[in-house]
Amino acid sequence: MTHRKVAELLAAAPTSQTVTVKGWVRTFRSNRFIALNDGSTIHNVQVVVDFEQTPEAVLKRVTTGACLAVTGKLVASVGSGQAVEIQAESVAILGDSDPEKFPLQPKKHSLEFLREKAHLRPRTNTFGAILRVRHALSFAIHQYFNDRGFYNLHTPIITASDAEGAGQMFRVTTLDPVNPPRTEAGAVDYREDFFGRSTNLTVSGQLEGELGALALGLIYTFGPTFRAENSNTPRHLAEFWMIEPEMAFYDIHDNMDLAEDFVKTVIRYALDRCADDLAFLHKRLEEEEKTKPQAERALPLLEKLQFVVDNAFERLTYTEAIDILLKSKPHKEKKFQFPVEWGIDLQSEHERYLVEKHFKKPVILTGYPKDIKAFYMKQNPDGKTVAAMDVLFPGIGEIIGGSQREDDYDKLRTRMAEMHVPEDGLWWYLETRQFGTCPHAGFGLGFERLVQFVTGMGNIRDVIPFPRTPKNAEF
RNA sequence: UCCUCCUUAGCUCAGCCGGUUAGAGCACAUGACUGUUAAUCAUGGGGUCCAAGGUUCAAGUCCUUGAGGGGGAGCCA
């Protein structure tokens, strides 16, 4: 490679060395100043062209969105907006961009408009920043687990198991949808299907993750997950990425310790490595907040992230949380839409009250009633609750859900029967409780929710390159 | 899926109680200017007013239905 990255050039000393840079035009001012960006940083490098020495035919083709290769001297900038700039000696057009048709203008676009231009929106400052932060968080996650002796386990994406009941599933089939083979009773005959049975896209790698933990000790998965729910919210996707660590010999407290340290560590990594991008997102958000009344304004992004990194998460039991809610002002004044009593599944408004009003910091709730939680969670001695934990964050609600797993074979089978979970599809899961079972725990974290929190983006569709939501799979 | 708001130029929006040729800023084109920072100034082109149906002498404006989008809720990560 003979050309240099913009990020590299902006950090270099301007000693009039000749450099080549390649990138896309953001703006072209005064027929003289090109702001060029190559994605290596949020900042552009300024290319100064001598319009008397440069062929007019070339200058005409320097339009917003065009791709250029520029060679010139890296010098100290005369202007005040930047430290260095390139005095162009040659400008080559690698790719034209018809300015009448290129949809991105050098101005602020709405996020809704950019969602319709998902193929081009990475070329904007905002999405460039988001995608770089997304990468940094992804890398930090792998590094976190690798540093602590976890193995990355690749759990299947196509699965026959649907027992967890984590949501509606997408069917995977090679059968002819118009004329599928039928059984004698008239049902679709999945014995004729590719796998010889009915299969779906995974909703969670957890059950397979447990198999890994009971052999390798510490594992984590980081892969795509699919939910065919008709959810239309700024916090849900049909295709999203989930991180699911699973740890042998961990109890629920070890699990909480890990979850808290994990989230703080990856956020700290982003603060360190993505300072420029986060500063941009911080400023962007601040301007947006200015349009809101004072009372509704949230903590500025960088302060919010620093606060999470610096402070211990509040830990309390579900029962204690219900007590707080029962004594709360909105409950007494009947402001909650959903009534509060022991045994309910906490609603968004309840979680938000605890996190944003009462504690004003991330909260970890444990000891949920067994009837509102999954079959595989470890039953507590009280007979009423399970060793579940949810980490609740301001703004986005539940970011992590986890539990210590039920490791007692008989208790697990009894619970499955009570909750009408069929055993036949899960014989392999049950065998782990027959052959060398042990206490173990784990949690799941929605990657996009983490990216949402760190970037401050309000809509989850803006933190993944190509969002999959109901009625939307254009790109 | 439910509640609610929205859909007018390439983008962001205004358009009053239904009334005669539907506007602005930005973008784009042409020209001027040339150390700019979303450059500036002048001029210009650009409209299936989301779709279908209805009410009316007259509909961008009112009504019905549908589509798409935002926000809230449910489900959840």
Side-chain angles (χ1 to χ4, degrees), chain A residues 26-36 43-52 59-60 63-65 75-82 85 87 97-117 124-125 164-168 202-206 223-244 259 336-338 345-352 372-374 390-393 396-402 443-453 458-464 469-472 474:
Chain A
R26 286 295 172 79
T27 62
F28 185 28
R29 288 182 292 268
S30 305
N31 216 19
R32 182 162 193 181
F33 303 101
I34 305 168
L36 203 67
H43 301 297
N44 306 321
V45 69
Q46 172 155 288
V47 174
V48 184
V49 293
D50 186 339
F51 50 91
E52 283 166 346
L59 287 180
K60 278 256 184 275
T63 57
T64 304
V75 298
S77 179
V78 179
S80 58
Q82 55 284 315
E85 63 190 17
Q87 289 288 348
S97 175
D98 184 343
E100 292 206 55
K101 290 181 183 150
F102 186 62
L104 303 180
Q105 302 163 7
K107 61 175 268 189
K108 192 166 180 147
H109 287 293
S110 68
L111 295 171
E112 292 82 7
F113 171 71
L114 290 172
R115 249 168 249 160
E116 293 169 10
K117 312 285 175 208
T124 63
N125 287 333
E164 204 204 332
Q168 290 287 108
T202 184
V203 292
S204 162
Q206 182 204 311
T225 309
F226 308 88
R227 305 269 167 97
E229 301 283 357
N230 188 15
S231 293
N232 293 288
T233 86
R235 299 181 308 282
H236 290 88
L237 292 166
E239 175 182 300
F240 63 101
W241 291 69
M242 192 148 66
I243 297 108
E244 293 178 292
F336 284 136
Q337 195 190 332
F338 295 89
D345 206 353
L346 294 179
Q347 301 294 318
S348 293
E349 57 178 353
H350 305 140
E351 294 180 350
R352 201 171 297 149
I372 59 172
K373 288 292 181 183
D390 281 1
V391 181
L392 309 177
F393 263 34
I396 47 175
E398 186 184 337
I399 191 167
I400 287 177
F443 61 82
L445 169 117
F447 183 53
E448 282 73 19
R449 295 225 176 136
L450 177 68
V451 182
Q452 256 192 297
F453 185 76
N459 195 312
I460 201 165
R461 295 160 201 209
D462 297 328
V463 298
I464 187 168
T469 52
K471 304 238 156 49
N472 183 5
E474 176 79 21

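Here is the naming used below: chain letters follow the sequence lines, and residue numbers restart at 1 for every chain.
- Mapped onto RNA chain B by nearest heavy atom, A/Gly401 and A/Thr63 fall at different nucleotides, with A/Thr63 at the one closer to the 5' end.
- Residue contacts shown for A/Ile399 are limited to sugar-phosphate atoms, with no base heavy atom under 4.0 Å away.
- At whole-Å resolution of the value, CG in A/Leu114 and P in B/G69 are 16 Å apart.
- Taking CD from A/Glu116 and CD from A/Glu474, the interatomic distance works out to 9.5 Å, rounded to the nearest 0.5 Å.
- Residue A/Gln105 is classed as a base contact, given a heavy-atom separation below 4.0 Å to a base.
- Separating the P atom of B/U43 from that of B/A24 is a span of 12 Å, rounded to the nearest Å.
- To the nearest 0.5 Å, the span separating CD on A/Glu239 from CZ on A/Arg227 amounts to 13.0 Å.
- A/Asp345 places its CG atom 15 Å from the P atom of B/A73, with the value rounded to the nearest Å.
- Contacts of A/Arg115 with the nucleic acid, taken as non-hydrogen atoms under 4.0 Å apart, involve only primed sugar atoms and P, OP1 or OP2.
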Could you summarise the pairing of RNA chain B as dot-bracket text, marking Watson-Crick and G-U pairs under 3.5 Å with ( ) or [ ] inside the strand and | across strands?
(((((((..((((.....[...)))).(((((.......))))).....(((((..]....))))))))))))....

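- Heavy atoms only, all atoms of each residue included: A/Ser204 and A/Glu244 are closest at OG-OE2, 2.9 Å.
- Using a 4.0 Å heavy-atom criterion, one finds that A/Phe113 contacts the sugar-phosphate atoms exclusively.
- Counting all heavy atoms, side chain and backbone alike, A/Glu85 lies closest to A/Val78 at OE2-N, 3.8 Å.
- Counting all heavy atoms, side chain and backbone alike, A/Asn44 lies closest to A/Ala35 at ND2-CB, 3.9 Å.
- B/G66 and B/A22: their C1' atoms are spaced 26 Å apart (whole Å).
- Note that CZ of A/Arg32 and CG of A/Leu59 are 11.5 Å apart. Values are rounded to the nearest 0.5 Å.
- Rounded to whole Å, the separation between the C1' atoms of B/U4 and B/A9 comes to 29 Å.
- Phosphate contact (OP1/OP2 of B/G72, side-chain N/O of A/Arg352, threshold under 4.0 Å): absent.
- A/His236 contributes atom NE2, which lies 12.0 Å from atom CD of A/Glu448 (distance to the nearest 0.5 angstrom).
- Taking atom C1' in both B/G60 and B/C13, the straight-line distance is 14 Å, to the nearest Å.
- Of the P atoms belonging to B/U65 and B/G72, the separation is 26 Å, rounded to the nearest Å.
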Mind running side-chain hydrogen bond (donor to acceptor under 3.5 Å, both in side chains) on A/Arg235 and A/Thr233 for me, showing each step along the way?
CA-CA 5 Å; A/Arg235 299 181 308 282; A/Thr233 86; 4.5 Å; no

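- B/A73 and B/G10 have their P atoms separated by 35 Å, with the value rounded to a whole Å.
- One side chain, A/Asn125 or A/Arg26, offers a donor N or O that lies under 3.5 Å from an acceptor on the other.
- Within 4.0 Å of A/Arg461, counting heavy atoms only, lie sugar-phosphate atoms of the nucleic acid but no base atom.
- In this structure, A/Asp390 pairs ionically with A/Lys373, as a charged nitrogen and a carboxylate oxygen lie closer than 4.0 Å.
- Remark: the separation of the C1' atoms in B/U12 and B/G47 is 16 Å, to the nearest Å.
- The two atoms that bring A/Thr64 and A/Phe102 nearest to each other are O-CD2, 3.4 Å, heavy atoms only.
- If you take CD1 of A/Ile372 and P of B/G74, they are 14 Å apart, rounded to a whole angstrom.
- Of all nucleotides listed (B/G74, B/C11, B/A29), B/G74 comes nearest to the side chain of A/His236.
- Taking atom CD of residue A/Glu112 and atom P of nucleotide B/G68, one finds them 16 Å apart after rounding to whole Å.
- Nucleotides B/G15 and B/U61 have their C1' atoms positioned 9 Å apart, rounded to a whole Å.
- Nearer the 5' end of RNA chain B, as judged by each residue's closest nucleotide, is the contact made by A/Asn230, out of A/Asn230 and A/Leu237.
- Among the protein residues, A/Pro103 comes within range of no part of the nucleic acid, since none of its heavy atoms lies under 4.0 Å from any strand.
- In this structure, A/Glu448 places its CD atom 19 Å from P of B/C76, rounding to the nearest Å.
- For the pair A/Asp462 CG and B/G70 C1', the interatomic distance rounds to 12 Å; values are reported in whole Å.
- Atom P of nucleotide B/C6 and atom CD of A/Glu116 are separated by 19 Å, given to the nearest angstrom.
- Side chain A/Ser231 to base B/C75: a donor-acceptor pair is found below 3.5 Å.
- Between A/Phe393 and A/Ile399, the closest heavy-atom pair is CD1-CG2, 3.8 Å.
- Heavy atoms of A/Lys471 sit under 4.0 angstrom from primed sugar atoms or phosphate atoms, though from no base atom.
- Listed pair A/Asn459 / B/G71 meets the phosphate criterion, a side-chain N or O lying under 4.0 Å from OP1 or OP2.
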Take nucleotides 32-38 of chain B nucleotide by nucleotide from the 5' end and write B, S or -, depending on whether a protein heavy atom sits under 4.0 Å from the base, only from the sugar-phosphate, or from neither.
--BBBB-

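- The distance from atom CZ of A/Phe28 to atom P of B/A29 is 12 Å, rounded to the nearest whole Å.
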